[in-house]
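Scroll down for the structure; my scribbles are underneath it.
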Amino acid sequence: MNNTLTVELTGEQRDLLLRGLSFLRSDVLLEMRDPAPDVDADRETRLDEIESLVARLRGPKPAHARV
């Protein structure tokens, strides 16, 4: 099931989320794990999900948004 949540964010809130995602990405990259193909695939999946969310947050700003 694909659930979608829509929220309105101020520019400051958006920037805060982006900073948090940056820390999360670093945590995933630096996590100590046993080297194995399935572990690497899991890490790549998690990183792809983070990058997808970052791209959505950085996407085009609505016309009514203030810069």
Side-chain angles (χ1 to χ4, degrees):
M1 175 174 269
N2 185 7
N3 293 328
T4 301
L5 175 65
T6 303
V7 295
E8 291 187 29
L9 301 171
T10 65
E12 292 82 15
Q13 290 169 328
R14 179 180 155 274
D15 292 342
L16 182 62
L17 279 174
L18 288 169
R19 286 180 54 206
L21 288 169
S22 175
F23 282 104
L24 179 59
R25 182 179 180 276
S26 295
D27 179 64
V28 170
L29 286 170
L30 297 174
E31 187 176 36
M32 299 298 285
R33 301 174 93 178
D34 293 328
D38 59 331
V39 172
D40 289 339
D42 178 57
R43 177 179 280 170
E44 287 301 317
T45 299
R46 291 170 60 199
L47 290 171
D48 288 344
E49 290 171 350
I50 294 166
E51 284 303 315
S52 174
L53 185 52
V54 166
R56 291 181 70 172
L57 287 169
R58 286 189 178 150
K61 295 181 183 179
H64 64 277
R66 294 184 208 169
V67 177

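Since the structure is predicted, the reported quantities are computational estimates derived from the model, not experimental observations.
Taken together through direct or relayed side-chain contacts under 4.5 Å among Ile, Leu, Val, Met, Phe, Trp and Tyr, Met32 and Leu47 form parts of separate hydrophobic clusters. Residues Leu16 and Leu24 fall into different hydrophobic clusters, defined by Ile, Leu, Val, Met, Phe, Trp and Tyr side chains chained together at heavy-atom separations under 4.5 Å. Clustering ILVMFWY residues whenever any of their side-chain heavy atoms sit less than 4.5 angstrom apart, transitively, puts Val39 in a cluster other than the one holding Val28.
In this structure, CG on Leu53 lies 4.5 Å from CG on Leu57, to the nearest 0.5 angstrom.
Side-chain contact between Glu49 and Thr45: present, with at least one pair of heavy atoms (C-beta onward) separated by less than 4.5 Å.
Side-chain N or O atoms of Ser26 include one that pairs as donor or acceptor with a backbone N or O of Ser22 at under 3.5 Å. Between the side chain of Arg58 and the backbone N or O of Leu18 there is no donor-acceptor pair closer than 3.5 Å.
The two residues Arg46 and Glu31 come nearest to each other via the heavy atoms NH1-OE1, 3.1 Å. Here the closest heavy-atom approach between residue Arg33 and residue Asp42 is recorded as NH2-OD2, 2.9 Å.
With sequence neighbours excluded, the residues satisfying side-chain hydrogen bond (donor to acceptor under 3.5 Å, both in side chains) with Glu51 are Arg25.
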